[in-house]
Amino acid sequence: MNKARHIAIIMDGNGRWAELKGKKRAEGHEVGAKIVREITEFCSKNDDIESLTLYAFSTENWKRPRLEVEYLMKLLKKYLDSELENYLQHNIRFEAIGDIRAFSKSLQQTIKNVQEKTAHCDGLVQSLALNYGAQDEIIRAVNRIKNYENDITEAMLKNALDCKHDVDLIIRTGGDHRLSNFLLWQAAYAELFFTDTLWPDFTTNELEKIIKDFTKIERRFGGLK
Ligand code: IPE
Ligand code: IPE
Ligand code: MG
């Protein structure tokens, strides 16, 4: 049976969830943050799951209206400030992937602070993808190692990426069937699950069911059964 050691989620559908309820998109993001907490806690209690990587803000999301971007930045800071205690309580190590240099100094400080304060935790690793784009990640990795005098190997490039672990299972909520620049390298052999459920409606029950279906898949990695 497969183990879902590294799960990654494209948390999509916050805006549509809110619009369907006649609310502002911001409310969808706010409920979305609560779901992040629930799903993370659930994963921290499952011994098979080592890492949970969540797509929270892409390198393309800057194209959104300024007010929505500002709201998302505020929400992120609020989430991280309130979450520290919870991370420590559940032995969760927080890390950010993506280029956070684009964020305000104070948000960068919050991110670094939570990373440092949870660095000793050896339970689940929750990675938030923040100003993350896989193409940007690969380019930054190549630039880090380009002056090495010998040929670049697969292991070297992998090690220079923000996210150094292959993904076992990628889930996208919100009904679209695309990766939107998420973990392109690490997803080489990931199993992909798409659900119409909008992220604010996503539940631990649905996650449990997806994991159960994942465990039964025959993963061949190019070999034979
Ligand atoms: C995902 O929900 C959250 C972020 C991208 C920040 P969306 O905001 O993309 O919601 P929809 O897709 O418009 O419904
Ligand atoms: C993907 O959702 C990014 C995040 C969930 C953070 P988007 O809503 O930005 O993706 P597209 O625009 O539908 O591809
Ligand atoms: Mg979307």
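In what follows, residues are counted from 1 in the order of the sequence shown. For ligands, and for the atoms within them, numbers begin at 1 and follow the listed sequence.
- A side-chain donor-acceptor contact under 3.5 Å links H29 and E68.
- A salt bridge links R172 to D12: one of the charged nitrogens lies within less than 4.0 Å of a carboxylate oxygen.
- Proximity of a side-chain donor or acceptor of R93 to a complementary backbone N or O of T118 within less than 3.5 Å is not detected.
- Classified by interplanar angle (parallel below 30°, tilted 30° to 60°, perpendicular above 60°), the ring pair Y189/F221 is tilted.
- With respect to K78 and E30, a salt bridge is recorded, a charged nitrogen being found less than 4.0 Å from a carboxylate O.
- In summary, the atoms of ligand 1 found under 4.0 Å from a heavy atom of R25, numbered by their order in the structure, are 7 (P), 8 (O), 10 (O), 13 (O).
- Between Y132 and F182, the angle of the ring planes goes over 60°, which puts this pair in the perpendicular group of the 30/60° scheme.
- The only member of T53, D168, L161 that meets side chain to side chain contact (heavy atoms under 4.5 Å, CB included) when paired with Q186 is L161.
- Excluding waters, the set of protein N, O or S atoms lying under 2.8 Å from the Mg ion (ligand 3) comprises D12 OD1.
- A side-chain donor-acceptor contact under 3.5 Å links N131 and W62.
- Salt bridge annotation for R66-E70: present, with a cationic side-chain nitrogen under 4.0 angstrom from a carboxylate oxygen.
- Between F94 and the choices I111, L84, V125, the side chain to side chain contact (heavy atoms under 4.5 Å, CB included) rule is met once, by I111.
- For ligand 2, the 4.0 Å heavy-atom shell contains residues I10, M11, D12, Y55, A56, F57, N61, R64, R172, R178, S180.
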